[in-house]
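Notes to accompany the following structure.
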4 protein chains.
Amino acid sequence: MTLYEIKHEIAHLASAELQTPDPEGTLWFFKELLGMYETHRSGASVYLRGYEDPYLWSLKVTEGPVAKMVHAGMRVSSPEALERRAAVLAESGLPGGWMDGEFGYGHTYWFHTPDGHEMRLHWEVEHYHAHPTMQSKILTRPSKKPLQGIPVKRIDHLNLLAADVTPVKETFEQHLGMQTRERLVDGPVEHGAWLSSNLLAHELAIMRDGHGARGRMHHIAFFYGVQQHNFDAAEMFRDYNVMIEAGPDRHGLTQGAFLYVFEPGGHRVELFGDPGILEREPDFDTKTWTMEDIDTVTAIGGAGLPRETYFTYGTPPV
Amino acid sequence: MTLYEIKHEIAHLASAELQTPDPEGTLWFFKELLGMYETHRSGASVYLRGYEDPYLWSLKVTEGPVAKMVHAGMRVSSPEALERRAAVLAESGLPGGWMDGEFGYGHTYWFHTPDGHEMRLHWEVEHYHAHPTMQSKILTRPSKKPLQGIPVKRIDHLNLLAADVTPVKETFEQHLGMQTRERLVDGPVEHGAWLSSNLLAHELAIMRDGHGARGRMHHIAFFYGVQQHNFDAAEMFRDYNVMIEAGPDRHGLTQGAFLYVFEPGGHRVELFGDPGILEREPDFDTKTWTMEDIDTVTAIGGAGLPRETYFTYGTPPV
Amino acid sequence: MTLYEIKHEIAHLASAELQTPDPEGTLWFFKELLGMYETHRSGASVYLRGYEDPYLWSLKVTEGPVAKMVHAGMRVSSPEALERRAAVLAESGLPGGWMDGEFGYGHTYWFHTPDGHEMRLHWEVEHYHAHPTMQSKILTRPSKKPLQGIPVKRIDHLNLLAADVTPVKETFEQHLGMQTRERLVDGPVEHGAWLSSNLLAHELAIMRDGHGARGRMHHIAFFYGVQQHNFDAAEMFRDYNVMIEAGPDRHGLTQGAFLYVFEPGGHRVELFGDPGILEREPDFDTKTWTMEDIDTVTAIGGAGLPRETYFTYGTPPV
Amino acid sequence: MTLYEIKHEIAHLASAELQTPDPEGTLWFFKELLGMYETHRSGASVYLRGYEDPYLWSLKVTEGPVAKMVHAGMRVSSPEALERRAAVLAESGLPGGWMDGEFGYGHTYWFHTPDGHEMRLHWEVEHYHAHPTMQSKILTRPSKKPLQGIPVKRIDHLNLLAADVTPVKETFEQHLGMQTRERLVDGPVEHGAWLSSNLLAHELAIMRDGHGARGRMHHIAFFYGVQQHNFDAAEMFRDYNVMIEAGPDRHGLTQGAFLYVFEPGGHRVELFGDPGILEREPDFDTKTWTMEDIDTVTAIGGAGLPRETYFTYGTPPV
C-alpha cells in the first residue's frame with residue numbers, strides 16, 4: 001500500500017486522557033463551565049463527553065500527581081485499516097502493542113511516538129445513545145445541548161510538544177497516512193507541524209518544546225463551532241477566575257478561532273470557536289510559514305500570543 | 001473494489017455552470033453583491049471564483065434563453081480514481097463520455113444522472129495563483145478577501161431536483177461512493193437525500209421535484225463560514241431588491257445556517273453561513289427524517305420554508 | 001412645563017408583573033432556560049431579575065387563573081419628575097393614585113392607560129447588591145452572568161395591544177413625555193406606535209388588537225445584546241419544546257434582532273438579540289411606515305411574521 | 001439651573017476634524033476600508049459620513065503637517081440648551097466664542113478644554129437626505145449600507161489625552177452636564193474618566209497623557225454595532241497592511257467590543273463592535289476601577305493592551 005493510498009486510514013481524533021492533581025477543579029472546569037456530560041466513573045477516573053461527541057467519552061479525567069496527557073485515541077476508518085496500521089507500527093520499531101479493556105473502546109493498538117507520547121488506535125467503539133429525555137430533535141446530535149455553562153460540542157484537536165518535531169510528524173505521516181497541512185520553520189528547524197487526515201485543518205499538531213523536554217502536551221482543544229461562544233467563554237472564565245492566556249482571536253495558521261485558558265489542574269485548554277479553513281483539495285500543498293510571519297501565524301488580530309508562556313509552558317511541567 | 005473502498009474517490013464539489021437569461025443581472029449579483037472575482041471571459045460565458053476557491057473558477061455564468069444548471073463538476077481524489085469512476089459509469093449504461101477543453105479543467109469524464117443532470121468528474125485542474133498584490137497573508141487563502149459586497153469564500157453544495165430521488169441518489173452512492181448522510185421520507189417515498197464524501201454534511205442533495213419534472217436544479221450554495229454574514233447579506237439583499245425566500249435561520253437537517261434568495265436570472269441561491277455538523281465518524285449511520293418533523297428539518301427557528309415556493313420552484317421553470 | 005421639557009422625565013422601563021396559570025412552567029422557562037435569578041418569594045408571587053437588571057426584580061411571576069400582564073413599572077428621572085407626572089396624570093382623568101408596599105419599589109404612582117393597562121411610576125427603588133461570591137469583575141454588571149441556560153441580561157421592552165392605539169400613545173406622549181419614534185399606519189388608522197424616552201428605539205410599543213379587545217399585552221421582551229444568542233436560544237427552545245412563533249431575524253422597524261416564543265403560561269416573550277438603532281438625535285423625526293412595507297417592517301430576512309397569530313394573539317386570551 | 005437639571009443638555013457627539021499629513025492614505029482608510037461616504041470637498045478638506053450618521057458629515061479630513069484632532073463637535077438638546085451652555089462657558093474663563101460657516105453646521109459655540117482641545121457645540125445642523133437610489137428601505141437608516149469594505153455605521157466616541165485628567169473631566173461635568181460613568185484611578189491620581197449624557201457608556205473619554213503633553217487625542221471610534229464586524233475588520237486590516245494595535249476583544253470598562261488600529265495618517269482609530277453596557281439608571285453611581293484590575297479594565301479576554309504604545313501614543317506626536 002503506497003503512502004498515497006493510506007491517506008484515509010485515520011478517520012479522526014476521538015479521545016484523550018488527562019491526569020490531574022486537582023480532579024475536583026478539573027471536573028468543575030469541564031462539567032460546570034464547559035457543560036460536558038459525565039457518563040461514567042471508575043476508580044480514579046471520570047469519563048466525559050461533549051453533547052456532539054458520538055462515543056461514550058472523549059475526555060477521561062484521572063487523578064494523579066502531576067498534570068499530564070496519559071494517552072490520546074484516534075479512530076481508524078475500518079477494521080482492516082486497524083490491522084494494517086498495527087502491522088506497520090509493529091515493524092517500525094516504535095514501542096507498541098495490542099490492549100483491551102478501556103471503557104467504551106474495544107480492541108486497541110497502542111504505540112509511542114518517537115518523543116514518548118502514548119497514542120491509541122481504535123476501530124471498535126461504543127456509540128453514545130441518549131436516554132429519550134436527553135435526545136435532541138436534531139438527528140445528527142447525539143444528545144441535547146445542556147443548559148450548563150457554555151457547552152462545547154466535542155473534542156477538536158490535540159497539540160503535542162516534542163523535543164524534535166520532525167520525527168514525530170513523520171511517524172504520523174508515514175505510518176498513519178496523515179497529511180501535514182501547515183508548518184512553521186525557523187531556517188532549517190521545524191518549529192511546528194499541523195496534521196490532518198480529513199477536511200479539518202488539523203486534528204494533531206506537534207510543536208517544538210521550548211524546554212527541550214520530551215513527551216509533553218501543549219494543549220487539548222474542544223469545539224464550539226461558533227466564534228461568539230469564544231467571547232462568551234472568555235467572559236465566563238474571567239468571572240470564574242480561570243486564567244486566560246490568549247484570545248479570543250483567530251490564528252492565521254489554520255484560520256481557526258482560538259481562546260486559550262489553563263484549567264485548574266494545569267493543562268492548557270483551547271476553545272475552538274470555528275474550524276477555520278476546511279481543506280477539500282486532494283492534492284493540497286503543505287503551506288510553510290516562517291518566523292517573519294509569526295504575528296499572522298499566531299493571530300490575525302492584535303492579540304499575539306504571550307511568548308513567555310505560549311512557547312514554553314506544557315504539561316507535565318518540566 | 002468494494003463499495004466500502006470507493007468512499008473517498010470523490011474529493012469535493014468544484015464547480016457549476018449556470019445559464020441565465022439575464023447575464024448582466026446575474027453577474028451583478030455574484031460580483032457586486034457576493035464579491036466573486038471574475039477570472040475569465042469567453043464567448044457567452046464569464047468565469048468567477050470566491051476568494052477561497054482554489055481553482056480558476058467555481059462558477060461559470062453563460063447567457064442563454066432560460067435559467068438552468070448546465071453542468072456541475074466534482075473533483076476526484078486521484079488520477080486512478082478518475083479512471084475507475086469512468087469505467088464504472090461507462091458500464092452503468094448512463095449517458096457519458098470523455099471530454100476536453102473546458103477552461104481551467106483538463107481531461108474530464110461527463111455523465112448524466114438518471115434524471116438527466118449533467119455531471120463532470122475532474123482530476124486535472126488549474127490552481128488559481130493570485131497576483132502578488134492580491135495575495136493574502138493567510139497562506140491557506142488563495143487570494144485576499146475582496147472589499148466588495150459581502151464576499152463568499154467558495155462554492156459549497158448543490159441541490160438537484162429529481163422526478164424520482166432514489167435512482168439519482170443510488171447513482172452517486174453506488175458508482176461514486178458518496179454516502180447518504182440524511183434522508184427525508186414520506187412513508188415509502190424518498191423526498192430528499194443529502195450526500196457527501198467528506199466531513200461536510202452534504203455537497204450534493206437531491207430533492208423530489210414538486211412538478212415531477214426532470215433534470216432541474218433546486219439551488220446552488222456558496223459558503224460564508226460565519227453565520228453573521230447571512231444576516232449582513234439579508235440586509236444587503238433587502239436594500240438592493242433581491243428577493244429573499246427564507247432565512248436567515250438554521251436547518252435541523254445538516255445543521256447548516258441558511259439564507260435563500262433568487263438571483264436576477266432566476267436561480268435560487270443559498271448562502272451557507274456555517275457548515276453545520278461535520279461528520280467525522282467512518283461508520284456514520286444515515287439519519288432518516290419523516291414528514292412529522294418537517295419543521296425541525298427545515299428550520300430550527302420559526303422561519304419555516306415557504307411551501308408554496310420551496311417545494312415547487314426550480315430551474316429551469318416548468 | 002412644556003412638552004419639550006418633559007421629554008426626559010421617564011428614565012426607563014423597569015419591571016413587569018405577569019400572571020400565569022402555570023407558575024411551574026413559567027418559572028422553569030425564565031429560570032432554567034433564560035437564566036434569571038430568583039430574588040424573592042411571597043404568597044403566590046416569585047420575583048426574578050436578569051444578571052444586569054439593576055434593581056431587586058424586573059419580573060414578578062404571580063399564579064392566577066389566566067395569563068395576563070398585571071402591571072408594568074417605569075422609573076422616572078428624579079423625585080420631582082415623579083411629583084410632576086403624578087400631578088399631570090391625576091388631572092388627566094385617567095384612573096390612578098398613590099400606592100406603597102411593592103417589594104423592592106417605594107412610593108409609587110399607578111394609573112391606567114385609556115385601554116385599561118395598569119402602569120406604575122417609581123422613583124424609589126432598591127438596588128440589587130450581589131453577595132461577594134456572585135459579584136462580577138465587571139463593575140457595571142450587578143451580578144455574574146449565570147451558568148444556567150442562555151441567560152438574558154435584563155428586561156428590554158413591553159408591547160401592549162389596544163383597541164385604539166392613538167389615545168394610548170398620546171397618553172405616554174403628552175403626560176409622560178415619551179417620543180413616538182416609529183409608527184405603522186393603514187390609511188388613517190394607526191396600527192402601531194413605538195415609544196421611547198432614551199436612546200433605545202423603543203421601550204414601549206402599542207399595537208392594534210386584532211380582536212378589538214382592551215388592555216391586553218402582545219409581548220414582553222428581554223435583552224441579550226448579542227444576536228448570536230437569539231440563535232442559541234432558538235436551538236434551546238426547539239429542543240425543550242418551547243413553541244417558537246417567529247425568528248431569529250431582524251425587524252426593519254427599530255432594527256432590533258428578534259425571536260418570539262410562547263412561555264408555558266401562554267405569554268409571548270421576545271428575546272432581543274441586539275438593540276437595533278440607537279436614536280441620538282434630539283430632533284428625531286417620527287418615521288411612519290405603511291402597510292405596503294409590512295415585510296420590511298416585520299423582518300429584514302425572509303422570516304416574516306405569522307399573520308394568523310402575530311396580529312391576533314395576546315394575553316389574556318379573548 | 002442645577003447640575004442635576006443640566007444632565008440632558010448635550011445630546012450626543014456629532015463630528016470630529018482630523019488633520020493628516022497623508023490625506024490620500026487617510027481617505028483610502030476611511031472610504032475604501034471603512035466604507036464611509038464622501039459628501040463634500042472644499043480646499044484641503046474632505047467630508048465623510050457613515051451610512052447611519054444623520055448629518056452631512058461626521059468626519060472632516062484635512063491635509064496638514066501633522067496628525068492631530070483639530071476639533072470635535074457635540075450636538076446640544078435644544079436651541080435654549082446652546083444659549084445656556086454658551087453662557088456658562090463664557091463665564092468659566094475658558095477660551096471660547098461664537099462662530100459660523102462650517103459646512104453642514106450652523107451657529108456654533110466653540111471652546112477649549114483646560115488642556116487645550118477645541119470643542120464645538122451645535123444646535124443647527126443640516127440633515128443628510130439621500131438620493132432616492134441611495135435610500136434604504138429601513139426608515140431609520142439615512143442611506144443604504146454601502147457595498148465597500150467593512151462599513152461603519154457612524155461616529156461613536158472620542159478619547160482625549162490630557163496632562164491632567166481631572167479639570168478636563170470637570171469641565172464636561174460642570175459646564176455641560178455630562179456624567180462620569182466610569183473612572184480609572186491610581187491612588188489619588190485620576191488616570192481616566194469616561195463620560196456620557198445618554199445611554200451610551202461613553203461618548204467622551206479623557207485619559208492621562210503618558211508624556212504629560214497637552215491637548216492630544218488618544219483615539220476616535222466608529223461604530224459597527226456587531227461584534228463580528230470587528231473580526232472581519234481585523235482580517236481586512238491584516239491583509240491591507242493597516243497596523244493593528246490591539247483586539248478584537250471586549251473592554252471590562254464600558255463592556256464595549258474594541259479593535260484598535262492606526263490609520264495611515266497616524267491617528268489611532270477604534271472600531272466599536274457593540275456598545276457594551278447601556279446605562280439606563282437615572283441615579284447611576286460612577287464606577288471606579290483601580291490599577292489592580294487593569295487587566296479586566298482593558299480586556300475581558302487575554303488580549304491586554306500593549307502598554308508600550310497604548311498608554312503613551314497619541315496625536316499629534318510629542
Side-chain angles (χ1 to χ4, degrees), chain A residues 150 219 224-262 268-271 273-274 276-277 289 292-310 313, chain D residues 150 219 224-262 268-271 273-274 276-277 289 292-310 313:
Chain A
I150 316 283
H219 66 263
Y224 277 134
V226 174
Q227 191 172 9
Q228 176 63 42
H229 295 173
N230 272 3
F231 276 89
D232 298 342
E235 213 172 279
M236 174 176 68
F237 293 134
R238 173 74 51 179
D239 247 355
Y240 287 87
N241 291 312
V242 171
M243 188 183 152
I244 300 170
E245 186 186 35
D249 204 332
R250 187 179 289 284
H251 297 301
L253 191 153
T254 76
Q255 298 194 39
F258 70 88
L259 174 68
Y260 292 106
V261 298
F262 297 103
R268 184 189 282 106
V269 175
E270 182 178 13
L271 285 310
D274 66 37
I277 190 74
W289 300 80
E292 66 186 15
D293 291 321
I294 190 69
D295 281 352
T296 305
V297 166
T298 55
I300 285 175
L305 294 175
R307 305 207 181 171
E308 61 278 18
T309 59
Y310 194 78
Y313 184 87
Chain D
I150 316 283
H219 67 263
Y224 277 134
V226 173
Q227 191 173 10
Q228 176 64 42
H229 295 173
N230 272 3
F231 276 89
D232 300 341
E235 213 171 280
M236 172 176 71
F237 293 134
R238 172 75 49 180
D239 247 354
Y240 287 87
N241 291 312
V242 171
M243 188 184 154
I244 299 171
E245 185 187 34
D249 203 332
R250 188 180 289 283
H251 296 302
L253 191 152
T254 75
Q255 299 193 38
F258 70 87
L259 174 68
Y260 291 107
V261 299
F262 297 103
R268 182 189 283 106
V269 175
E270 182 178 13
L271 285 310
D274 64 39
I277 190 75
W289 300 79
E292 65 187 13
D293 293 319
I294 190 69
D295 281 353
T296 306
V297 165
T298 54
I300 284 175
L305 294 174
R307 305 207 180 170
E308 60 279 19
T309 59
Y310 195 77
Y313 184 86

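Throughout, protein chains are lettered first and strands after them, A, B, ... in sequence-line order, and every chain is numbered starting at 1.
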Search all heavy atoms of A/G301 against all heavy atoms of D/P248 and return the closest pair with its distance.
CA-CD, 3.9 Å

Pairwise distance CZ(D/F231) to CZ(A/R250) - rounded to 0.5 angstrom
7.5 Å

By residue number, those in residues 234-244 of chain A with heavy atoms under 4.5 Å from heavy atoms of chain D are A/A234, A/E235, A/R238, A/I244

Tell me, please, which residues at least two apart from A/H251 pass ring pair (Phe, Tyr, Trp, His ring centres under 6.0 Å).
A/F258, A/Y260

